[in-house]
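Report on the following structure.
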Amino acid sequence: MIVTPQQAEKLLCGNQSFSQLGFSMMVTRLKTLYAKNPSPSTLQTCVAEINIFLEKFKILMGADYEIITNL
C-alpha cells in the first residue's frame, strides 16, 4: 500500500485511531511536525516516512489499512 499526499494530509489533520501503537506514535509525531510547518516539503517528508513504515510492517498493519484506504 502506498499513501498519497492527499491521504497523508487527511491522516495528519484527522483524529483516527489505529491498532498498532508504533504507527500511532509515528503519526502523532508527524502531526506535530506538520502542524508546526504545513509546507509541501514537510508533507512529502511525512508521506515518505509513512510509506516506509507501511512497507516495513505491512504484515502487522492489516487492520489499519482499511482506515487508511478510506481517507
Considering residues at least two apart in sequence or located in another chain, which fulfil the side-chain hydrogen bond (donor to acceptor under 3.5 Å, both in side chains) criterion with Ser41? Ser39
Which residues pass the side-chain contact (heavy atoms from CB on, under 4.5 Å) test with Thr4, not counting sequence neighbours? Gln6, Gln7
State, to 0.1 Å, how close Ala8 and Ile50 come at their nearest heavy-atom pair, and which atoms those are. CB-CD1, 4.3 Å
Salt bridge (Lys or Arg N to Asp or Glu O under 4.0 Å): which pairs involve residues 2-12, sequence neighbours left out? none
Not counting sequence neighbours, list each pair that qualifies as a salt bridge (Lys or Arg N to Asp or Glu O under 4.0 Å) and has a residue in residues 32-52. Arg29-Glu49
State which residues pass side-chain contact (heavy atoms from CB on, under 4.5 Å) with Leu60; sequence neighbours excluded, sorted by chain then number. Gln20, Phe57
Tell me, please, which residues at least two apart from Lys58 pass side-chain hydrogen bond (donor to acceptor under 3.5 Å, both in side chains). Glu55
Going hydrophobic residue to hydrophobic residue with side-chain gaps under 4.5 angstrom, can you get from Val27 over to Met1? yes
Suppose clustering is done on Ile, Leu, Val, Met, Phe, Trp and Tyr with side-chain heavy atoms closer than 4.5 Å. Which residues sit in the same group as Met25? Leu21
For Phe23, give me all partners under ring-ring contact (aromatic ring centres under 6.0 Å, His included), at least two apart in sequence or on another chain. Phe18, Phe53
Got a second to check how far Ile67's CD1 is from Thr69's OG1, nearest 0.5 Å? 9.5 Å
Distance, nearest 0.5 Å, that separates CG of Asn51 from SG of Cys46: 11.0 Å
Ile68 and Gln16, any side-chain heavy atoms less than 4.5 Å apart: no
State the CG-OG1 distance between Leu33 and Thr42, to the nearest 0.5 angstrom. 5.5 Å
Taking ring-ring contact (aromatic ring centres under 6.0 Å, His included) as the definition, give me every residue that meets it alongside Tyr65, ordered by chain and number, with sequence neighbours left out. none
Run through the side-chain heavy atoms of Ile, Leu, Val, Met, Phe, Trp and Tyr, join any pair under 4.5 Å, and report what else lands in Ile2's cluster. none
Distance check, rounded to the nearest 0.5 Å: Cys13 atom SG versus Lys31 atom NZ? 8.5 Å
Can you find a heavy atom in the side chain of Leu30 that is under 4.5 Å from one in the side chain of Thr45? no
Partners meeting side-chain contact (heavy atoms from CB on, under 4.5 Å) with Pro5 (sequence neighbours left out): Leu43, Gln44, Val47
